[in-house]
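As structure tokens, the structure follows; a few thoughts come after it.
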Amino acid sequence: MSTASGTPAAPRIPEAAPRIPEAVHRRRWAILTVLMFSLLIVVLDNSILSVAVKTIAGPEPTGIGATQSQLEWAINSYTLVFAGLLFTAGLLGDRIGRKKVLLFGVAVFGVGSALAAFSGSPGELVAYRAVMGFGGAFVMPATLAVVMDVFERHEQPRAIGIWAGSVGVGMAIGPITGGLLIERFWWGSIFLINVPVVVVALIAMALLLPDSRDPNPGRMDPLGVALSVIGLILLVYGIIRGGELADFSAPSVLLPMLGGLVVLVCFVLHERRSDHPAIDITYFKRPAFAAAVTAIALVFFALTGVTFFSAFYLQSVRGYGPLQAGLLILPLAVAQMVVSLRARLIVDRFGARAVCTVGMLLVAMVLGAFVMFDASTPVWGIGVVLFVQGTAMALITPPVTVSVMQSLPREKAGSGSAVSNTFRQVGGALGVAVLGSLLSTQYRGAIEGHLSVVPRGARHAAGESIESTLAAAERLGPAGKALIGPANEAFLHAMHLTAMVSTGVALIGALVVAVFLPDGDPEPERESAEGAPGRALPVSGR
């Protein structure tokens with residue numbers, strides 16, 4: 001082919017097909033809003049529960065008389081089911097479509113919330129929280145996978161920062177909403193409030209969300225999933241049981257803990273040999289991925305356990321009501337929400353390694369501050385510490401999430417998100433179990449010498465937690481007032497020791513990030529010969 005002057009025309013270079021349909025690209029920010037809304041219900045539930053544990057621990061009709069170990073299981077039943085099913089949920093999303101699994105997960109979460117609201121016993125609450133965890137497992141990885149699908153690579157850090165900021169919104173709304181509900185209604189309303197939110201989320205997702213999937217997802221790995229769930233449940237059950245008995249050498253503690261470790265070793269060996277693993281072990285050969293998920297696990301281990309006991313500190317020792325305790329968490333939530341939106345700019349200037357290391361050191365500093373808290377610590381001091389905690393989380397979560405997601409092929413966004421969130425949830429579950437058990441053991445050891453006024457048959461139960469001791473004191477009438485001061489002192493002693501352990505874990509996380517997290521962008525996705533970023537995924541605009 002030539003021009004009119006006879007000069008040969010330059011060969012036409014075929015344009016690469018757009019990866020994202022134009023209709024989807026135009027509404028990407030509306031899609032992100034819907035994803036934040038669906039994520040919000042999961043975060044909202046856990047943050048509401050944090051201010052309700054004292055009420056649920058109370059006797060009927062105010063609560064359901066849950067013990068500290070039952071409260072831990074009300075949290076851990078959700079978290080363990082959530083973490084155990086994330087592998088399967090991520091793979092299913094990659095296989096059959098992320099929109100489908102999102103709709104399914106949100107619907108199941110809503111059903112579990114309605115059932116939990118009307119629990120008649122701690123056992124029922126634990127079971128229905130597990131149902132909620134089952135639904136939540138299908139929500140979290142799919143939301144992040146869809147973010148990766150509808151945003152181009154250069155916009156993904158900003159979108160992930162906004163996605164992470166929605167956690168701050170949930171943390172801000174949750175405790176305040178929970179406090180208002182508990183003061184005006186009954187404790188079950190903190191779960192029932194999820195139902196209308198679920199209905200709105202389902203309608204919005206059905207109308208706006210595109211569907212996407214991995215064109216070559218591979219086979220499922222039910223054995224790997226089963227091994228991970230069984231191993232984690234056995235391990236954490238043993239740890240919680242050790243806290244209940246204040247004896248980690250008892251057979252009922254050692255057997256499940258050792259059995260869990262053996263099953264988890266079998267899980268790792270199975271995943272290494274399987275040609276269709278639930279978790280691709282080769283992901284961990286990438287420094288950007290391995291360091292990021294390790295940091296996520298360590299920081300949530302440290303912070304989740306502290307969040308659990310801080311509710312008792314604020315409500316039992318300081319005497320604040322649920323609404324007041326919720327308002328005290330507001331500085332943490334606001335800081336996380338605001339700083340998450342700007343984390344991308346901070347990382348662009350200073351690098352992911354420096355920003356995340358500073359964030360982990362701030363977490364350690366915050367946890368160390370709990371060692372100095374007592375029954376008369378000024379409210380403004382608590383607020384400052386929680387504000388710094390929110391800032392630290394915002395400096396860590398968006399950069400490590402970007403590091404994880406951009407270090408993997410785009411078509412594996414579902415399973416990559418599942419691995420990241422599994423480490424977060426497992427770290428949080430072990431944090432509640434280990435630190436909760438440590439808190440319980442130390443509290444029991446410090447209060448036992450003061451329980452002589454309690455009838456002999458009730459002393460073991462009265463020494464399990466500060467709530468149990470205060471309930472026993474209330475039943476004793478005037479004679480029980482002598483228990484209140486020692487109970488507060490015993491709890492503060494246990495809290496200080498637990499905070500010191502948490503500080504050590506956070507410092508280990510800072511070392512991991514400083515040494516292993518790459519400072520630059522993760523290795524980009526493989527590009528095609530035409531320069532298009534990777535293989536286009538089937539993305540439907542409907």
Side-chain angles (χ1 to χ4, degrees), residues 66-85 122-123 126-127 129-130 133 223-272 294 297-298 300-302 304-306 308-309 422-423 425-449 451 457 459-466 468 490-491 493-495 497-502 504-505 508:
T67 64
Q68 180 153 327
S69 62
Q70 289 169 332
L71 289 173
E72 290 178 9
W73 273 109
I75 296 172
N76 280 331
S77 64
Y78 176 96
T79 305
L80 288 179
V81 172
F82 187 111
L85 290 178
V126 170
R129 286 279 296 165
L223 178 59
V225 172
L227 288 173
S228 66
V229 173
I230 294 170
L232 287 169
I233 289 178
L234 286 173
L235 177 62
V236 177
Y237 173 80
I239 293 170
I240 293 175
R241 184 63 176 162
E244 291 176 341
L245 300 177
D247 180 9
F248 281 84
S249 62
S252 62
V253 175
L254 283 178
L255 289 177
M257 286 181 64
L258 293 176
L261 290 173
V262 170
V263 173
L264 290 175
V265 169
C266 292
F267 166 73
V268 172
L269 294 175
H270 167 74
E271 297 302 293
R272 291 182 62 183
T294 301
L298 290 173
F300 275 89
F301 176 96
T304 306
V306 171
F308 179 75
F309 70 64
T422 296
F423 270 74
Q425 294 300 321
V426 171
L430 292 176
V432 171
V434 173
L435 299 178
S437 297
L438 177 61
L439 182 75
S440 177
T441 301
Q442 293 299 314
Y443 178 81
R444 183 185 295 278
I447 197 63
E448 275 182 342
L451 296 177
R459 289 178 188 174
H460 182 81
E464 187 173 272
S465 68
I466 186 172
S468 300
F491 180 85
H493 166 76
M495 184 182 78
L497 182 61
T498 306
M500 290 175 63
V501 174
S502 303
V505 173
I508 293 172

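Just so it is clear, the structure is predicted and the values come from calculations on it, not from any experiment.
Minimum heavy-atom separation, A446 to A490: CB-CB, 3.6 Å. Closest approach of Y443 and I466 over heavy atoms only: OH-CA, 3.3 Å. In terms of heavy atoms, V501 sits closest to L438 at CG2-CD2, 3.6 Å. Across all non-hydrogen atoms, the minimal contact from L227 to H270 is CD1-CB, 4.2 Å. When every heavy atom of A74 is checked against every heavy atom of V126, the shortest pair comes out as N-CG2, 3.9 Å.
Here the straight-line distance linking atom CG of L264 with atom CZ of F267 works out to 8.0 Å at 0.5 Å rounding. If you take CG on L261 and SG on C266, they are separated by 11.0 Å, rounding to the nearest 0.5 Å. The line from CD of E271 to CG of L223 is 8.0 Å long, rounded to the nearest 0.5 Å.
By the side-chain hydrogen bond (donor to acceptor under 3.5 Å, both in side chains) test, H493 pairs with no residue at all, sequence neighbours left out.
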